[in-house]
Amino acid sequence: MAKLVSKVYGDALFELAMEENKLDETWDEARAISQALDENPDFLPTLKHPDISMEQKLSIIKKAFSGMSADTLGFLDVLVKKGRIGELKSVLDYFDARAKEAKKIGVVTVTTPIELSSEYKKKVENRVLEVTEYASLEMKYIIDKSLLGGMVIRIGDQVLDSSIRSQIDAMRMRLADVRL
């Protein structure tokens with residue numbers, strides 16, 4: 001259900017931003033709100049509290065995000081009135097993903113057993129840019145010693161696994177199927 005809510009409201013915010021030709025402005029505001037939520041973990045639970053009236057919730061939102069555009073404040077207003085303000089973080093995350101997609105920004109996670117040099121990171125980034133349609137990339141590097149060697153590259157929901165661990169696992173599966 002939460003995914004559906006995120007999609008419905010995230011799509012609505014995205015479409016509004018595109019119609020108004022304000023994707024960059026709305027995206028900046030969405031990231032600012034998301035950062036504020038991360039820095040203030042009690043904010044959303046307070047807004048979800050049943051003893052706080054809708055008028056009080058709207059007042060809190062207007063004060064907390066007074067520098068935001070009318071469109072963004074109106075969007076937050078709708079979430080409060082529809083009782084969906086508790087889903088704000090997931091809606092903003094969904095919107096962020098849609099904005100990245102529209103801007104052709106790929107989110108790539110590279111997992112290796114050791115730290116890669118900056119030269120090798122650049123080679124990986126250049127190669128991913130060559131084989132995808134992304135204009136730029138958001139790279140995240142993770143170290144996982146259990147891979148033993150090789151690397152795992154995750155681009156969206158695609159996984160390219162050339163790790164030694166996965167090769168050993170595949171070999172183990174093939175050997176398990178051998179009948180003598």
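Predicted model, so just to flag it, every value in this text is computed and none were measured.
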Closest non-hydrogen atom pair, [X] against [Y]:
| X | Y | value |
| --- | --- | --- |
| Gly10 | Val91 | N-CG1, 3.7 Å |
| Thr26 | Ala17 | OG1-CB, 3.6 Å |
| Asp38 | Pro41 | O-CD, 4.0 Å |

Are [X] and [Y] ion-paired here, with the side-chain N under 4.0 Å from a carboxylate O?
| X | Y | value |
| --- | --- | --- |
| Glu130 | Arg127 | yes |
| Asp11 | Arg98 | yes |
| Asp28 | Arg31 | yes |

Rounded to the nearest 0.5 Å, what separation is found between the [atom1] atom of [X] and the [atom2] atom of [Y]?
| X | Y | atom1 | atom2 | result |
| --- | --- | --- | --- | --- |
| Leu147 | Ile114 | CG | CD1 | 11.0 Å |
| Ser6 | Leu88 | OG | CG | 10.0 Å |
| Lys89 | Asp96 | NZ | CG | 8.5 Å |
| Phe95 | Leu23 | CZ | CG | 5.5 Å |
| Thr72 | Ile61 | OG1 | CD1 | 11.5 Å |
| Lys122 | Leu116 | NZ | CG | 14.0 Å |

Answer with yes or no whether the hydrophobic clustering places [X] together with [Y]; edges join I, L, V, M, F, W, Y residues whose side-chain heavy atoms lie under 4.5 Å apart.
| X | Y | result |
| --- | --- | --- |
| Ile155 | Ile105 | no |
| Ile164 | Val124 | no |
| Val108 | Val159 | no |
| Trp27 | Leu37 | yes |
| Tyr94 | Val78 | no |

Handout entry: Residues Tyr9, Phe75; criterion side chain to side chain contact (heavy atoms under 4.5 Å, CB included); working and verdict
Key = CA-CA 9 Å; Tyr9 288 96; Phe75 178 75; 4.0 Å; yes
Output a table of donor-acceptor pairs, distance under 3.5 Å, between side-chain atoms of residues 135-143 and any protein atom two or more places apart or on a different chain; print 'none' if there are none.
{"from": "Glu138", "atom 1": "OE1", "to": "Lys100", "atom 2": "NZ", "distance (Å)": "2.9"}
{"from": "Glu138", "atom 1": "OE2", "to": "Lys100", "atom 2": "NZ", "distance (Å)": "3.2"}
{"from": "Tyr141", "atom 1": "OH", "to": "Lys121", "atom 2": "O", "distance (Å)": "3.3"}

Problem - Steps toward side chain to side chain contact (heavy atoms under 4.5 Å, CB included) verdict (Met54, Val80) - result: CA-CA 7 Å; Met54 187 178 305; Val80 169; 3.8 Å; yes
Handout entry: Arg165 atom CZ: more than 12 heavy-atom contacts under 6.0 Å
Key = yes
Practice task
May I ask you to check whether over 12 heavy atoms, not counting those of Asn126, lie within 6.0 Å of atom CG?
Solution key: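 Yes, because the 6.0 Å sphere around CG of Asn126 holds more than 12 heavy atoms from other groups.
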Practice task
Just jot down the ring pair (Phe, Tyr, Trp, His ring centres under 6.0 Å) partners of Phe65, sequence neighbours excluded, or say none.
Solution key: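 Phe65 satisfies ring pair (Phe, Tyr, Trp, His ring centres under 6.0 Å) with Phe43 only.
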Would you say [X] and [Y] make side-chain contact, with heavy atoms under 4.5 Å?
| X | Y | answer |
| --- | --- | --- |
| Ile33 | Leu76 | yes |
| Thr46 | His49 | no |
| Met151 | Tyr120 | yes |
| Leu73 | Asp77 | no |

Problem - Ser53 backbone acceptor or donor facing Gln56 side chain under 3.5 Å - result: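 Side chain of Gln56 to backbone of Ser53: a pair is present.
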Practice task
Keeping the roles fixed (side chain from Ser163, backbone from Gly150), state whether a donor-acceptor pair exists under 3.5 Å.
Solution key: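 Not a single qualifying donor-acceptor pair exists.
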Problem - Where at least one partner belongs to residues 40-57, residue pairs that pass salt bridge (charged side-chain N to carboxylate O under 4.0 Å, His left out), sequence neighbours excluded - result: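 Of all non-adjacent pairs touching residues 40-57, none passes salt bridge (charged side-chain N to carboxylate O under 4.0 Å, His left out).
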Practice task
Under the side chain to side chain contact (heavy atoms under 4.5 Å, CB included) rule, what do Glu125 and Val110 come out as? Steps first, then yes or no, please.
Solution key: CA-CA 10 Å; Glu125 185 176 341; Val110 178; over 6 Å; no
Handout entry: Lys22 vs Ser69, side chain to side chain contact (heavy atoms under 4.5 Å, CB included): CA-CA, chis, key distance, verdict
Key = CA-CA 10 Å; Lys22 294 181 180 177; Ser69 68; 5.7 Å; no
